[in-house]
Amino acid sequence: MHTTGVGGARDRPLSGGSSMSSLLALAWLVSGAAVAADAEMQWSWGEGVHHRYYIESEVHLPVPIMLVAELNTEARMIAVQTQLVIDCTQAREGRKDWDLECDINDISLIGAGMTGDQGNLAVVLQEIDERLTSARLQVTLKRDGRIGAVDLEDIDRRNRRLSQNAEHLRLLLVRALSGLDFRFANNATDEGTGWPQFDGQLMKVPYSRGSQGSGQMVHKVRRKEGNNWLIDTEGRGSAAPASGQASGAPNTYIMEMTAVGRFDVERGVWTQRKWTVIGEPTAGSAVNAGFDGASYLQAGSFVYLPEGEAPPTLNESGQSNAPGVEGPSSLQQWVPIQSLGM
């Protein structure tokens, strides 16, 4: 729970005068145009470089996941909002990827649970908040911009129950990081016409037994504002989380997503991005048996935090009413996250 801001663009005025100054100004403009023409989207991860992000994520789960506290308290969660401040630096540089160490500087988790678990979820989430603050994520980031493996370190896995809980937490944190998963264009032609990415992290769902399915996203540079490029993304696919049932219909979701973000090609970082993913169950899905099936939702945003800039104050971790539930309650009302403006 700590604090954000986004740095503004700097204007560089040109002054006239003598013919020499005019020539120098022209040379500067030509040089700047050449840099812009040669610029491309690539991450910059020099030795000792830190990139910090403030991330917000909201996930609505059609099938609840079980979370546990260390002393046998457990609760089923059907929706969660995550606020996260991470500080990433390069641990290893390879020919095709980097290994990044991302410290969790601060985290907040607001969850909605099943009716029978009221009260338990708040206890569980507050304990998880304490365990995850100062934990570390090990992230493999490929040179083309895609996220590979994500491991959660410095968390208790000493028995099967806690190990399964740690995996649920890892998957929820991957949802928060999924907006950073973005395959860069191969060339300038792709930037103008659009280019695909298959099976991106945004098209996946956070269930520990894994999932089947496929998806395709199409990225396109909408416009270039100096070093800041505005990028649009649209995608469609399907996901079928493993149900763990020996028989019966699986749950299959038709997924659609949109995203928009800004990438700074001079600094080699995403400066901000926001996204929405909606999954509607197919008619034959188990969640549709006898009633209108529950949808999957993932929405989120992030903003880059330059050195010295504080993130927003995070909420206290705890329990909320389920999304869409109104009326008298001892729990706070669910308030959707506020996406960052572009």
Side-chain angles (χ1 to χ4, degrees), residues 1-7 43-59 67 69-70 80-92 98-111 122 124-141 147 149-157 165-182 201 206 261-262 264 267-275 298-318 337-340:
M1 352 251 155
H2 305 303
T3 55
T4 203
V6 183
W43 277 103
S44 174
W45 289 100
E47 186 175 353
V49 171
H50 286 253
H51 293 318
R52 288 192 312 140
Y53 284 95
Y54 167 69
I55 304 173
E56 292 184 345
S57 174
E58 179 169 329
V59 178
L67 296 178
E70 190 168 353
V80 63
Q81 292 177 347
T82 305
Q83 293 174 291
L84 182 66
V85 180
I86 58 169
D87 184 347
C88 298
T89 189
Q90 175 205 133
R92 179 197 64 86
W98 296 275
D99 284 341
L100 308 179
E101 291 182 346
C102 296
D103 292 329
I104 299 176
N105 293 161
D106 203 3
I107 190 168
S108 166
L109 298 162
I110 303 292
V124 172
L125 291 175
Q126 287 163 6
E127 182 179 303
I128 289 171
D129 180 326
E130 294 177 2
R131 293 208 305 255
L132 288 181
T133 301
S134 300
R136 174 174 290 178
L137 290 164
Q138 188 88 23
V139 180
T140 300
L141 180 64
I147 290 178
V150 178
D151 294 323
L152 177 59
E153 301 180 344
D154 305 323
I155 192 166
D156 194 350
R157 300 175 184 264
N165 194 57
E167 178 60 10
H168 285 150
L169 298 178
R170 187 191 71 83
L171 290 167
L172 289 174
L173 289 170
V174 172
R175 292 303 89 224
L177 295 179
S178 61
L180 291 163
D181 176 69
F182 181 98
Q201 293 289 347
R262 292 185 185 276
D264 187 325
R267 289 189 291 171
V269 294
W270 282 102
T271 55
Q272 56 185 151
R273 198 178 187 211
K274 62 180 180 180
W275 59 91
Q298 180 192 341
S301 59
F302 65 69
V303 61
Y304 184 78
L305 297 173
E307 184 178 357
E309 249 187 69
T313 300
L314 273 58
N315 297 319
E316 293 288 337
S317 292
I337 63 171
Q338 299 297 311
S339 294
L340 299 169

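Values below: every heavy atom of this structure, side chains too, minus hydrogens, waters and symmetry copies. This is a predicted model, so every value here is computed, not measured.
Rounded to the nearest 0.5 angstrom, L100 CG and C102 SG are separated by 5.5 Å. Remark: I110 CD1 to N315 CG distance equals 5.5 Å, nearest 0.5 Å. To the nearest 0.5 Å, atom CD of residue E127 and atom OG of residue S317 are 12.0 Å apart. The CG atom of D151 sits 11.5 Å away from atom CD of E101, with the distance rounded to the nearest 0.5 Å. A distance of 8.0 Å separates CD in Q126 from CG in D129, rounded to the nearest 0.5 Å. From I104, atom CD1 reaches atom CZ of R131 across 12.0 Å, with rounding to the nearest 0.5 Å.
R52 contributes a side-chain N or O that, together with a main-chain N or O of P306, makes up a donor-acceptor pair within less than 3.5 Å. At distances below 3.5 Å, at least one donor-acceptor pair connects side-chain atoms of Y53 with backbone N or O atoms of W270. At distances below 3.5 Å, at least one donor-acceptor pair connects side-chain atoms of E58 with backbone N or O atoms of I337. In this structure, the side chain of D181 engages the main chain of I147 through a donor-acceptor pair within 3.5 Å. In this structure, the side chain of T271 engages the main chain of R262 through a donor-acceptor pair within 3.5 Å. Without hydrogens or angle criteria, R175 side chain to G300 main chain gives no donor-acceptor distance under 3.5 Å. When atom types are taken as modelled, the side chain of R170 and the backbone of V150 share a donor-acceptor pair closer than 3.5 angstrom. Proximity of a side-chain donor or acceptor of Q90 to a complementary backbone N or O of W45 within less than 3.5 Å is detected.
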Q: Would you sort out whether L67 and L169 count as a side-chain contact (heavy atoms from CB on, under 4.5 Å), showing the intermediate values?
A: CA-CA 8 Å; L67 296 178; L169 298 178; 4.1 Å; yes

Q. Stepwise, does the side-chain contact (heavy atoms from CB on, under 4.5 Å) test hold for L177 with L137?
A. CA-CA 10 Å; L177 295 179; L137 290 164; 3.8 Å; yes

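Summarising the geometry of K274 relative to S301, their closest heavy-atom pair is CB-CB, 3.8 Å, with the distance given to 0.1 Å. Between H50 and D87, the shortest heavy-atom contact is ND1-OD1, 2.9 Å. Here the shortest heavy-atom pairing between A91 and Q138 reads CB-NE2, 4.5 Å. Here the closest heavy-atom approach between residue Q298 and residue W275 is recorded as NE2-NE1, 3.3 Å. Considering every non-hydrogen atom in both R273 and F182, the closest pair reads NH2-CD1, 3.5 Å.
With L132 as the partner, the side chain to side chain contact (heavy atoms under 4.5 Å, CB included) test is satisfied by one option alone out of L152, D154, L172, T82: L152. With I107 as the fixed residue, the side chain to side chain contact (heavy atoms under 4.5 Å, CB included) test singles out one of L84, V85, I128: L84.
Counting heavy atoms from C-beta on, the side chains of V269 and W43 come closer than 4.5 Å.
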